[in-house]
Amino acid sequence: MVKKWNVYLAMIGFLLFITLMFTYERFQGFDAQMASLLYGNAILEVFHYFGDTIIVVSIAALLIIWRAFRQDIRGMVFVLLGIGGGYLLNQVMKRVVERPRPALPDQLASYSFPSGHTMLSLLMLLIIAYFVTRKMRNTGQQRIVWGIAIICAVGTGLSRVATGNHFATDVFAGWGLAYAWFIWIVWWYESNKGKLA
């Protein structure tokens, strides 16, 4: 069941995304400070694999197979909406905003805002945590699973600043939009029980 605080947090995340979408140029000082703090951090750079396309697609496929074995059609659609829809949303927003990436040698050619690694890793990890904890009765175990997912997602987002592929505002916008999208698909999934076998 989607709780009120989840909805409020999703609204805040979406508002953060919208705000940064139109004002990111005003946060150049913040972006520069975050880059100075994190750039070249080898520990953070390891986390970028959580948002790697091959990893995300592979895990999404495994999640779909898992839900298929459990005869959960809604769950299969949930994963497709979450990760596939999140990817499409990210690509559309990149082309709408058209923000160049940080000026570094051999930089990626795609647009910077919002961070795709950040969005997809957060969506993937939250979806995994959601399915894993649904049948758990132990609140402590649930918190551990969600905590690990959040730590890995935060690490992945910060890794994009550490590698110089994104500005910090790209990452914060990605977190905000991805969380709002996640809560929306959870609401869809839970409100359509019984409509799909």
Side-chain angles (χ1 to χ4, degrees), residues 1-21 47 50-53 55-94 114-158 160 170-197:
M1 190 74 177
V2 177
K3 298 178 181 178
K4 285 186 177 180
W5 70 266
N6 293 125
V7 176
Y8 294 147
L9 190 57
M11 292 171 64
I12 292 170
F14 185 70
L15 287 173
L16 174 64
F17 167 76
I18 293 296
T19 300
L20 291 175
M21 179 178 175
F47 283 93
F50 283 106
D52 187 81
T53 302
I55 299 296
V56 173
V57 170
S58 299
I59 291 179
L62 290 173
L63 286 170
I64 290 171
I65 292 169
W66 175 32
R67 301 324 295 175
F69 272 114
R70 297 184 69 90
Q71 298 182 330
D72 181 11
I73 297 175
R74 284 184 307 110
M76 295 167 65
V77 176
F78 179 84
V79 176
L80 285 170
L81 278 175
I83 296 176
Y87 171 79
L88 291 175
L89 183 60
N90 175 263
Q91 292 301 304
V92 169
M93 289 299 101
K94 281 180 181 291
S115 166
H117 270 67
T118 299
M119 284 188 65
L120 292 178
S121 64
L122 181 59
L123 286 165
M124 177 189 73
L125 290 162
L126 290 181
I127 289 170
I128 292 171
Y130 176 77
F131 281 127
V132 169
T133 59
R134 282 184 72 212
K135 301 297 182 182
M136 282 185 177
R137 296 290 179 262
N138 188 302
T139 304
Q141 291 177 348
Q142 290 179 351
R143 288 175 178 169
I144 289 172
V145 172
W146 284 107
I148 291 172
I150 291 169
I151 289 170
C152 290
V154 170
T156 305
L158 296 180
R160 304 311 286 162
D170 301 334
V171 171
F172 279 89
W175 281 331
L177 184 58
Y179 186 74
W181 183 251
F182 173 73
I183 294 302
W184 181 81
I185 62 171
V186 169
W187 172 83
W188 171 86
Y189 180 72
E190 295 185 351
S191 64
N192 283 278
K193 288 180 180 177
K195 294 184 181 180
L196 290 174

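In what follows, residues are counted from 1 in the order of the sequence shown.
Relative ring orientation between Phe182 and Phe78 is described as perpendicular, the plane-to-plane angle rising above 60° on a 0-90° scale split at 30° and 60°.
Listed by first and then second residue, the side chain to side chain donor-acceptor pair (under 3.5 Å) pairs involving residues 59-69 are Arg67-Asp72 (not counting sequence neighbours).
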Evaluation steps, side-chain contact (heavy atoms from CB on, under 4.5 Å), between Leu126 and Tyr130: CA-CA 6 Å; Leu126 290 181; Tyr130 176 77; over 6 Å; no

Dump the intermediate steps for side-chain contact (heavy atoms from CB on, under 4.5 Å) on Leu120 and Asn90, then the final yes or no. CA-CA 9 Å; Leu120 292 178; Asn90 175 263; 6.0 Å; no

What verdict does the side-chain contact (heavy atoms from CB on, under 4.5 Å) test give for Trp181 and Met119, after you've listed the backbone C-alpha separation in whole Å, the side-chain angles of each residue and the deciding distance to 0.1 Å? CA-CA 10 Å; Trp181 183 251; Met119 284 188 65; 5.8 Å; no

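Within 6.0 Å of atom CE in Met136, more than 12 heavy atoms from other residues, nucleotides or ligands are found, so the atom counts as buried in its surroundings. Heavy-atom neighbours of Tyr87 OH from other residues, nucleotides or ligands within 6.0 Å: at or below the threshold of 12. Around CH2 of Trp187, the count of heavy atoms belonging to other residues, nucleotides or ligands within 6.0 Å does not exceed 12.
In this structure, Pro114 and Phe17 approach most closely via the heavy-atom pair CG-CE1, 4.1 Å. Taking both residues in full, the closest heavy atoms of Ala149 and Ala129 are given as CB-CB, 4.0 Å, listed atom of the first, atom of the second, then distance. Ile59 and Met124 get closest at one heavy-atom pair: CD1-SD, 3.6 Å.
Side-chain N or O atoms of Thr156 include none that pairs as donor or acceptor with a backbone N or O of Thr118 at under 3.5 Å.
Applying the side-chain contact (heavy atoms from CB on, under 4.5 Å) criterion to Val57, with sequence neighbours excluded, gives Thr53.
For the pair Leu177/Leu89, a side-chain contact is recorded, criterion being any heavy-atom separation below 4.5 Å from C-beta on. Residues Tyr179 and Asn6 are in side-chain contact: their nearest non-hydrogen atoms beyond the backbone lie under 4.5 Å apart. Side-chain contact between Asp170 and Arg160 is absent, with no heavy-atom pair separated by less than 4.5 Å.
Considering Leu125, Ile55, Leu122 as possible partners of Phe50, the one that fulfils the side chain to side chain contact (heavy atoms under 4.5 Å, CB included) test is Leu125.
Less than 6.0 angstrom separates the ring centroid of Trp175 from the ring centroid of Phe172.
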